[in-house]
Amino acid sequence: MTITVPPVRVEDKLYQNRYLIDAGRPHIKVRPHQSPSANLLALTRICPAKCYELNATGQVEIAADGCMECGTCRVLCEESGEITWNYPRGGFGVLFKFG
Amino acid sequence: MVEEKFDAIVIGAGMAGNAAAFTMASGGLKVLQLERGEYPGSKNVQGAIMYANMLEKIIPDFRDDAPLERHLIEQRFWMMDNTSHAGIHYRSDDFNEAKPNRYTIIRAQFDKWFSRKVREAGATLLCETTATELVYDITDKVIGVRTDRAGERILADVVVLAEGVNGLLGTRSGLRETPRPETVALAVKEMHFLPEEVIEQRFGLKGNEGCVIEAAGTISRSMTGLAFLYTNRESISLGIGCLVSDFAATMESPYALLEGFKNHPSVRALIAGSELKEYAAHLIPEGGYKAIPQLFGDGWVAVGDAAQLNNAVHREGSNLAMTSGRIAGEAIVQVKCRNAPMTKRNLVLYKTMLDDSFVLKDLRKHKDMPALLHTNSHNFFMRYPQLISLAAQNLVRVDGTPKIDKEKATTAAFIKGRSRWGLVSDALRLALAWR
Ligand SMILES: Cc1cc2nc3c(=O)[nH]c(=O)nc-3n(C[C@H](O)[C@H](O)[C@H](O)COP(=O)(O)OP(=O)(O)OC[C@H]3O[C@@H](n4cnc5c(N)ncnc54)[C@H](O)[C@@H]3O)c2cc1C
Ligand code: SF4
């Protein structure tokens, strides 16, 4: 027997969080590419905020608004140059109420 | 251009940074602390069990006003398969002592309190300020930092890197490598609110007593990982973390794992009816002793998670962070008192003192554990939990099968699941790594 898990929407979880968005200054960028590497593709599933998505033509795109600045994508894809990763400017980004 | 000069600059106002800043400011040094968050704690995530002994060494009377949730009187370790858990529970009234040993805390609140103590000790704190670059002199000694505020340099004799596991400053300056996917875990965590009385009823607690659960098993879907569920006063913290390399290989979604844990029959009842108020994610250093980078150099030291000083096997991190921060602070105060320069040769004192503390002794003791659990994750996190559940069920289910046949069936299941040699070698390797 397996556990029945109701479908989860990450958006509903992130909705609880507090953010201060630095509009127009994304702190993570994906390098333009034809087809993503295995690690970049994995991010579409393993980023805990679901910031990475595959577009219709097969490239990985990022919308970092819900980013919790965990660094997982940095650990996997910064060295190869597929993404650039910085902290948001001081004071911006996720603001944990409890942490 | 006015350049203000400090004795020390501390990067980060987490556990390690606060401990270092407090120790140096109390020792009479002129300390500047930089924190990129809006307030200390706004970027930080922990389970969170806080170990009193290590905080007592910094602030002996912390119990007077620190925001503590519950003191722990019960610890449960669960081995889970999909429908069951087998476990060890340890509960003792001895933990209802005048100065309890472990507490649950909420980091955002705790860090604000700790930071207030740091400022009362005389340090200057600048929040919403990210240190972006180290500044060097012509001999390659670190002499300060630049921030994202003004273009000006801020100078100091020594920079304490307490920037956490994902610290950009030290890695971009080449003082240490970026963590590898095999040496960090990604953990996701939620805060579930429930009335105080409900928590007390469900866990059999009274007053400020608390209970914590650590769990492993099929919930991590054969990845190297652990889950936790901790009681706070009016909330339950729960979460699950697995190695980033395992996540990348399996492409499992962390939030799906978390939902699996929350919906496990053993967990669901404990959080029923709760209100979710936050969802967080953070890395945990898990590389152990072998992943520790260079800890000091000309004009700098690294402390806490930034230096991978984390004992993931025992889920201890904040105490190693506090202790390494305190020790670095003490070493720096000593060097300063001798009027000696903050060179690599003098700052080796920090490493010498750390070698002598539980921090490096514990990490050295378990230096082979991370690799063992990683390479054997399928056995330790999938097969054994299932076998143990089967054995326990064979033991307690009374169905007319003779006991001797049941024992044989259990043994056979273990051998079929892992082979006789596999079992012996796993047990041996586990014992050796633990030794
Ligand atoms: C889910 C989870 C559960 C855990 N459970 C436990 C537990 O129960 N018990 C335990 O003891 N440990 C636990 N840990 C580990 C513990 O949280 C860490 O070991 C501890 O927080 C490390 O403290 P630190 O000060 O080194 O780093 P952090 O607490 O991460 O602090 C780093 C600080 O530096 C700041 N910073 C970073 N870069 C810059 C910059 N360039 N400029 C300015 N500021 C900067 C950050 O904003 C942050 O405030 C857990 C960790 C996680 C993720
Ligand atoms: S830092 Fe973490 S939350 Fe943010 S985009 Fe990367 S993986 Fe997602």
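Chain identifiers are assigned alphabetically (A, B, ...) following the order of the sequence lines, protein sequences preceding nucleic acid strands; residue numbering begins at 1 within each chain. Computed over heavy atoms, backbone and side chain alike; hydrogens, waters and symmetry mates excluded. Note that this is a predicted model, so its numbers are computed, not measured.
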Counting only heavy atoms closer than 4.5 Å, note whether [X] contacts chain A via side chain, backbone, both or neither.
X: B:Lys189; value: side chain
X: B:Glu190; value: side chain
X: B:Arg172; value: side chain
X: B:Met191; value: side chain
X: B:Asp148; value: side chain
X: B:Phe110; value: neither
X: B:Gln46; value: backbone

Next item on the list: Quick one: which of A:Phe92, A:Tyr87, A:Trp85 has the most heavy-atom pairs under 4.5 Å with chain B, could you say?
Entry: A:Tyr87
Examine the side chains of [X] and [Y] and answer whether a donor and an acceptor come within less than 3.5 Å of each other.
X: A:Asn39; Y: A:Ser37; value: no
X: B:Thr130; Y: A:Arg89; value: no
X: B:Thr129; Y: B:Thr147; value: no

For chain A, the option from [options] that forms the most heavy-atom pairs under 4.5 Å:
options: B:Arg149, B:Glu252, B:Gln109; answer: B:Glu252
options: B:Lys43, B:Lys262, B:Glu38; answer: B:Lys43
options: B:Pro179, B:Ser253, B:Ser235, B:Ala256; answer: B:Ser253
options: B:Leu257, B:Thr183, B:Val165, B:Leu276; answer: B:Leu276
options: B:Glu128, B:Lys277, B:Arg36; answer: B:Arg36
options: B:Leu168, B:Thr178, B:Leu186, B:Leu283; answer: B:Leu168

Is a donor on one side and an acceptor on the other found under 3.5 Å between the side chain of [X] and the backbone of [Y]?
X: B:Ser220; Y: B:Gly217; answer: yes
X: A:Arg18; Y: A:Leu95; answer: no
X: B:Asp246; Y: B:Thr224; answer: yes

Note to self: Using 30° and 60° as the class boundaries, would you call the ring planes of B:His85 and B:Trp78 parallel, tilted or perpendicular?
What the structure shows: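 Correct class here is parallel.
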Notebook entry, point to check: What part of A:Tyr15 lies closer than 4.5 angstrom to a heavy atom of chain B: side chain, backbone, both or neither?
Noted result: neither
Next item on the list: Using non-hydrogen atoms and a 4.5 Å limit, figure out which bit of A:Val10 sits close to chain B: side chain, backbone, both or neither.
Entry: side chain
Note to self: Going by side chain to side chain contact (heavy atoms under 4.5 Å, CB included), name the residues that satisfy it together with B:Ala249, two or more places apart in sequence or in a different chain.
What the structure shows: none
Next item on the list: Please assess B:Asn232 against B:Ser237 for the test side chain to side chain contact (heavy atoms under 4.5 Å, CB included), listing each intermediate value before the final yes or no.
Entry: CA-CA 7 Å; B:Asn232 302 314; B:Ser237 308; 2.8 Å; yes
Check: If you draw the axis of the six-membered ring of B:Tyr39, does the NZ or CZ of B:Lys112 fall within 45° of it and under 6.0 Å from the ring centre?
Finding: yes
